[in-house]
Amino acid sequence: MKLKIVLITGATSGIGKATALLLAQNGHKLILCGRRKSRLDDLSEEIRKSYSTAVHTLNMDLRNKDEVFAAIDSLPDAFKPIDVLINNAGLASGLSTVDEGVLDDWEKMIDTNLKGLLYMSRAVLPLMPKNGDGHIINLGSIAGKEAYINGNVYCATKAAVDNLTRGMRIDLAKFPIRVSAIHPGAVETEFSIVRFKGDEERAKKVYDGFENLLANDCAEAIWFILNRPNHVNINELTIMPTAQPNATTILRK
Ligand code: NDP
Ligand code: 8X3
């Protein structure tokens, strides 16, 4: 695969960070985004030292459209022709039935998982080359394919990402810009710590007694998608732990 400029949202942790490291190992030039500046600084330092790859960081909150557009506007010319956008940042906040739902949690999820993804895509698209190298990969979830108990709004945001991916693919085929999605099951990252608002003990229990996916399993799937020739688009990959045959079934020892 030719060397590309790749923007990854949510690169400070989990799947985004693993993807950044895998792409850096392979020489790609990276733009890394997230709210936690010290994490962005540490990761870019690690990448520069270990792989001598060019890295630029954008410290911003995806929920704030002015911040998103200003951040993209601030890119040095050398980072502007963004070939690949990985819309990875996202979160679940809380786990409760819809009748007891916390409005602030709903807004966080809708604003990050859906509106943030849209803002970033809209800001980046004018910069993407229209020569066949452009590619967007969205992070959906098995939660967007199947609803599960108490998942309501999180599942709805991921179902929206799933259908938005289909719409984007139709709209952008004319350039052509490829559009793909990955839909993982349970991956042990900071996801559950965030969902349970810092309760690490409760988060750990989500992954007890079975072999969950690792962030790197998702990074490798992204790598596979990106490495297809320009005439091949992987529309989507659903990636599950073997012990999790669907969203609601986990075989624990
Ligand atoms: P992590 O919590 O480890 O990482 C989430 C990333 O998103 C962080 O880098 C975080 O950065 C970033 N982020 C969250 N909110 C914002 C925001 N408002 N602005 C900018 N960045 C933000 O979780 P994962 O790596 O697991 O999650 C990555 C994606 O994968 C998400 O979209 C998630 O929904 C999806 N997914 C996860 C699964 C799992 O089981 N873990 C399964 C299926 C899908 P920071 O806090 O520094 O801003
Ligand atoms: C994250 C996976 O099943 O915990 O999207 O919602 S799940």
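Ligands are counted one by one from 1 in listed order, and the atoms in each one are counted from 1 as well.
For atom 43 (C) of ligand 1, the nearest protein heavy atom (residue, atom name, distance) is P184 O, 3.2 Å. If you check which protein heavy atom lies closest to atom 15 (N) of ligand 1, you get R35 NH2, 3.2 Å. Shortest contact from atom 19 (N) of ligand 1 to any protein heavy atom: L62 N, 2.9 Å. Nearest protein neighbour of atom 42 (C) of ligand 1, counting heavy atoms only, is G185 O, 3.1 Å. Among protein heavy atoms, the minimum distance from atom 8 (C) of ligand 1 is reached at T12 OG1, 3.5 Å. Remark: minimum distance from atom 25 (O) of ligand 1 to any protein heavy atom is reached at I15 N, 2.9 Å. Protein heavy atom nearest atom 3 (O) of ligand 2, with residue, atom name and distance: Y148 CE2, 3.7 Å.
One finds no salt bridge joining D162 and K158 here, because no Lys/Arg side-chain nitrogen approaches an Asp/Glu carboxylate oxygen to under 4.0 Å. The pair E188-K205 does not count as a salt bridge, with every side-chain nitrogen at least 4.0 angstrom from each carboxylate oxygen. Ionic pairing of K37 and D41 is present here: one or more N-O contacts between side-chain nitrogen and carboxylate oxygen are shorter than 4.0 angstrom. Salt bridge present: K197 and D105 bring a charged side-chain N and a carboxylate O closer than 4.0 Å. A salt bridge links E45 with K49: the distance from a Lys NZ or Arg NE/NH1/NH2 to an Asp or Glu carboxylate oxygen falls below 4.0 Å. A salt bridge is absent between R63 and E107: the closest approach of a Lys/Arg side-chain nitrogen to an acidic carboxylate oxygen does not fall below 4.0 angstrom. Between R252 and E211, none of the side-chain N atoms (NZ, or NE/NH1/NH2) sits under 4.0 Å from a carboxylate O, so this pair counts as no salt bridge.
Close approach of ligand 1 to M60 is summarised as follows: ligand atoms under 4.0 Å from at least one heavy atom of the residue are 19 (N), 20 (C). Atoms of ligand 1 found under 4.0 Å from any heavy atom of D61 (numbered from 1 in listed order, with element): 17 (C), 18 (N), 19 (N). Residue A143 approaches ligand 2 through these ligand atoms, each under 4.0 Å from one of its heavy atoms: 6 (O). Residue N88 approaches ligand 1 through these ligand atoms, each under 4.0 Å from one of its heavy atoms: 28 (C), 29 (C), 31 (C), 32 (O). Counting the atoms of ligand 2 from 1 in the order shown, those under 4.0 Å from a heavy atom of Y154 are 1 (C), 5 (O), 6 (O). Atoms of ligand 1 lying under 4.0 Å from any heavy atom of Y154, numbered from 1 in the order shown and given with element: 33 (C), 34 (O), 36 (N), 44 (C). Taking a cut-off of under 4.0 Å to the non-hydrogen atoms of T189, the atoms of ligand 1 that pass are 3 (O), 23 (O), 24 (P), 25 (O), 26 (O), 41 (N).
The closest non-hydrogen atom to atom 1 (P) of ligand 1, taken over G14, S13, A92, comes from S13. Between atom 41 (N) of ligand 1 and the options I86, V187, I239, the minimum heavy-atom separation is to V187. Considering A247, S141, G144 only, the shortest heavy-atom separation from atom 2 (C) of ligand 2 involves S141. Checking S38, G90, A89, A11 against atom 5 (C) of ligand 1, the nearest heavy atom belongs to G90. Heavy-atom proximity to atom 44 (C) of ligand 1, evaluated over A215, S192, G140, G10, is greatest for G140.
Contact between L139 and ligand 1 is present, with at least one heavy atom of the residue lying under 4.0 Å from the ligand. In this structure, A143 falls outside the shell of residues with a heavy atom less than 4.0 angstrom from ligand 1. Proximity of A186 to ligand 1 is established by a heavy-atom distance of less than 4.0 Å. Using a 4.0 angstrom heavy-atom cutoff, R39 does not count as in contact with ligand 1.
Counting heavy-atom neighbours within 6.0 Å of K65 NZ, excluding the residue itself, gives a total of 12 or less. Heavy-atom contacts from other residues, nucleotides or ligands closer than 6.0 Å to CD of E146 number more than 12. Atom CG of L103 has more than 12 neighbouring heavy atoms from other residues, nucleotides or ligands inside a 6.0 Å radius.
Checked options H135, E236, R228; the residue passing with S180 is H135 (criterion: side chain to side chain donor-acceptor pair (under 3.5 Å)). Looking at T9, T165, N138 one by one, the single match for side chain to side chain donor-acceptor pair (under 3.5 Å) with N87 turns out to be N138. Put simply, the residue from I82, V124, I5 that forms a side chain to side chain contact (heavy atoms under 4.5 Å, CB included) with L75 is I82.
At a heavy-atom cutoff of 4.0 Å, ligand 1 is contacted by the side chain of T112 but not by its backbone. Here K158 has side-chain heavy atoms under 4.0 Å from ligand 1, and that is the only part of it that gets that close. Within the 4.0 Å heavy-atom criterion, neither part of I142 lies near ligand 1.
For the pair E190 and ligand 1, the shortest N or O to N or O distance falls below 3.5 Å.
Judged by the 6.0 Å and 45° rule, R195 forms no cation-pi pair with F191. K253 forms no cation-pi arrangement with F210, by the criterion of a distance under 6.0 Å to the ring centre and an angle within 45° of the ring axis.
Taking the six-membered ring for Trp and the full ring otherwise, the centers of Y154 and Y148 sit at least 6.0 Å from each other.
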